[in-house]
Amino acid sequence: MDKILVQNAGKFEGQKVKLNGWVYNSRRSGKIGFLLFRDGTGIIQCIIIKNDVGEELFDSFKTLTQESSISVVGEIVKNDRAPGGFELLLSSLEIHQLIEGYPITPKDHGTEFLMNHRHLWIRSKRQHAILRIRHEIIKATRDFFDSNDFTLVDTPIFTSNACEGTTTLFETEYFGESAYLSQSGQLYGEANAMAFGRQYNFGPTFRAEKSKTRRHLTEFWMVEPEIAYCELDENIEWAEKLITFIIDRVITNRKIELETLERKIEDLEKFRGEFPKISYTEAVEMLHKGGFDFEWGGDFGSPEETYIAEQFDKPVVVHRFPTAIKAFYMKRDPENEKVVLGMDVLAPEGYGEIIGGAQREDNLDFLLERIEHEKLPQEEFEWYLDLRRYGSVPHAGFGMGIERVVSWLCKLPHVRETIPYPRMIQTLRP
RNA sequence: UCCGGUUUAGCUCAGUUGGUUAGAGCAGCGGACUGUUAAUCCGCGUGUCCGGGGUUCGAGUCCCUGAACCGGAGCCA
């Protein structure tokens with residue numbers, strides 16, 4: 001007899017199989033019982049008919065409580081009335097642990113309660129679906145870069161300096177000196193790109209900002225491609241292709257999960273392909289037409305960003321920002337010194353910035369000028385400046401926040417549900 | 001950090017102009033039911049009304065204070 005997984009049940013139609021898992025829910029209607037059984041790959045309904053299985057097994061079924069651990073044996077049969085299309089005609093039941101008082105009942109709960117029980121909440125259908133889509137998005141991201149001749153080159157998490165000198169970092173003691181948890185692997189990514197041509201790094205990122213919004217975590221995952229001999233337009237193209245590839249994969253491989261989340265595939269399909277592109281200056285004009293009192297040179301706040309994204313039904317690329325509001329490493333536009341060759345991708349439906357990137361400044365003197373102007377400690381950047389001393393080339397890259405992409409593609413109200421154990425200003429446990 | 005809001009049963013919430021004994025639904029338990037999808041029907045419980053202080057004959061309700069949480073802003077992916 002085969003030991004199988006719920007997600008493969010359809011392939012075993014007509015066969016007697018065994019499944020190991022947990023009770024999702026159960027109900028009875030007289031002499032017939034319905035057991036929703038989950039094993040981590042899906043949920044299958046088991047049917048227990050008293051007259052077929054006998055009184056002893058039926059009584060045993062009646063004792064089952066939510067999340068008790070069990071193994072079931074039975075025949076897989078097709079039945080359109082069952083969720084998932086297949087069900088299991090139960091013939092034997094082994095109880096490993098009968099439990100009492102599982103805290104998460106199949107009724108309404110508040111976010112605080114659920115977050116305090118996050119270690120259990122991830123068993124629930126909806127959370128499970130989100131995390132499976134997260135996996136698909138991460139897998140697709142890796143597959144995309146791997147199949148486009150990128151090399152994965154990891155970057156350190158302990159760093160000695162602020163990468164951009166802007167955001168607040170988590171400080172930690174490192175054998176007698178201060179170290180900071182990485183807020184981006186980008187500078188190292190640039191070194192890697194000079195060594196490997198096309199590289200990506202993918203790891204956790206830490207920001208100590210006391211942000212309390214639906215878009216922020218203090219610990220999140222970011223993928224950062226960096227490409228040698230690449231300019232802004234090509235950089236944008238890579239971003240478009242990556243997002244399109246991810247959406248295709250999610251649509252193809254995670255239909256059940258999308259359905260659980262009531263995310264319409266037709267909506268996701270619209271997001272693919274080439275994205276509309278506007279310059280910062282054009283975006284400012286757009287804001288003026290929309291009645292915003294906004295001065296050229298300022299950074300977009302949340303309301304501005306949302307308004308711009310709302311004008312499009314696809315992700316929109318905003319490029320060429322004022323130099324003053326962007327990081328020191330962004331290359332100044334040779335055609336307009338006031339702007340840099342940066343680009344942001346704003347997701348539709350109010351999900352905000354999912355990608356931020358730029359062509360990097362490859363001229364040593366300009367870079368030194370910026371470091372001085374921003375009052376950054378030059379000695380900390382000597383290794384980075386070496387990249388401009390020894391074989392400098394045009395190069396570009398971007399960072400994509402995984403949680404924001406998951407949040408958007410799943411159409412969630414908050415990023416905290418996109419990561420198994422979210423770290424936020426007020427959340428450190430479980 | 002700033003602005004706004006919330007805190008009452010295991011969970012989600014209601015609770016009138018301050019009024020005597022604080023409610024409902026769900027979950028749980030027992031029973032009925034051979035196709036349930038958050039099943040339905042009958043029966044059975046539960047309270048530090050967030051903590052502290054005050055006003056009042058009387059406070060879940062009003063005031064002060066503290067805490068926790070939620071949403072937004074800034075910052076960003």
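Below, chain A is the first sequence line, B the second, and so on; all start at residue 1.
- A cation-pi arrangement is not found for A/Arg207 relative to A/Phe220, the charged atom failing to lie both closer than 6.0 Å to the ring centre and inside a 45° cone about the ring normal.
- Listed nucleotides B/C75, B/C33, B/C69 differ in distance to A/Arg28; the shortest reach to its side chain belongs to B/C33.
- B/A59 makes up no base pair with any nucleotide shown, lacking Watson-Crick or G-U wobble contacts both under 3.5 Å.
- Here A/Asp299 lies in heavy-atom contact (under 4.0 Å) with sugar-phosphate atoms only.
- Crowding of A/His373 atom NE2: a count of heavy atoms from other residues, nucleotides or ligands under 6.0 Å not exceeding 12.
- Nucleotide B/G4 forms a Watson-Crick or G-U wobble pair with B/C70, both donor-acceptor distances falling under 3.5 Å.
- In this structure, of B/U37, B/C33, B/U12, it is B/U12 that holds the atom nearest to the side chain of A/Phe113.
- A sub-4.0 Å separation between OP1 or OP2 of B/G72 and a side-chain N or O of A/Arg214 is present.
- With distances taken from any side-chain atom of A/Ile47 to the nucleotides B/A68, B/A73, B/G35, the minimum falls on B/G35.
- With respect to A/Glu274 and A/Lys241, no salt bridge is recorded, no charged nitrogen being found less than 4.0 Å from a carboxylate O.
- Contact annotation: side chain of A/Asn25 to base of B/U37, donor-acceptor pair absent below 3.5 Å.
- Atom P of B/G19 sits at a distance of 38 Å from the matching atom of B/C29, rounded to the whole Å.
- For B/G66 and B/G71, the P atoms lie 23 Å apart once the distance is rounded to whole Å.
- Of the candidate nucleotides B/A27, B/A77, B/C75, B/A27 has the atom lying nearest to any side-chain atom of A/Thr105.
- Backbone-only contact: A/Pro303 has heavy atoms under 4.0 Å from sugar-phosphate atoms and none from a base.
- The backbone N or O of A/Val73 lies less than 3.5 Å from a partner atom in the side chain of A/Ser91, making a donor-acceptor pair.
- If you check B/A77, B/C75, B/U34 against the side chain of A/Leu217, the one that comes closest is B/A77.
- Below the 3.5 angstrom threshold, one finds a donor paired with an acceptor across the side chain of A/Arg404 and the base of B/C76.
- Atoms CG (A/Asn116) and P (B/C50) sit 18 Å apart, rounded to a whole Å.
- B/U6 sits 14 Å from B/U16 when the P atoms are compared, rounded to a whole Å.
- Nearest-nucleotide assignment on RNA chain B puts the 5′-proximal partner with A/Gln426, out of A/Gln426 and A/Met400.
- A/Lys50 NZ: more than 12 foreign heavy atoms inside a 6.0 Å radius.
- If you check every strand for non-hydrogen atoms under 4.0 Å, A/His414 touches sugar and phosphate atoms only.
- Between B/U37 and B/U21, the two P atoms lie 43 Å apart (nearest whole Å).
- Aromatic stacking of A/Phe34 on B/G35: not satisfied for centres closer than 5.5 Å together with planes under 30 degrees.
- Only the P atoms considered, B/U12 is 15 Å distant from B/A27, to the nearest whole Å.
- Positionally, the nearest nucleotide of RNA chain B for A/Arg416 lies more toward the 5' end than for the other of A/Arg416 and A/Trp221.
- Within 4.0 Å (heavy atoms only), A/Ile49 reaches at least one base atom of the nucleic acid.
- Backbone-only engagement by A/Gly301 is indicated by non-hydrogen atom pairs under 4.0 Å involving sugar-phosphate atoms exclusively.
- Using cut-offs of 30° and 60° for the angle between ring planes, the A/Tyr384 and A/Phe381 rings count as perpendicular.
- Comparing B/U36, B/C76, B/A27 by their closest approach to the side chain of A/Arg81 singles out B/U36.
- Among the nucleotides B/U37, B/A77, B/G74, the one closest to the side chain of A/Gln45 is B/U37.
- The separation of B/G4 from B/C11, taken at their P atoms, amounts to 29 Å, rounded to a whole angstrom.
- Counting distance only, with no hydrogens placed and no angle test, the side-chain atoms of A/His216 and the base atoms of B/C76 include a donor-acceptor pair under 3.5 Å.
- Side chain of A/Thr427 to backbone of A/Met424: no donor-acceptor contact under 3.5 angstrom is found.
- In this structure, of B/C29, B/C33, B/G35, it is B/G35 that holds the atom nearest to the side chain of A/Glu87.
- Considering only the side chain of A/Lys212, B/G71 comes nearest among B/U34, B/C76, B/G71.
- Checking the phosphate oxygens (OP1, OP2) of B/A73, a side-chain nitrogen or oxygen of A/Ser302 falls inside 4.0 Å.
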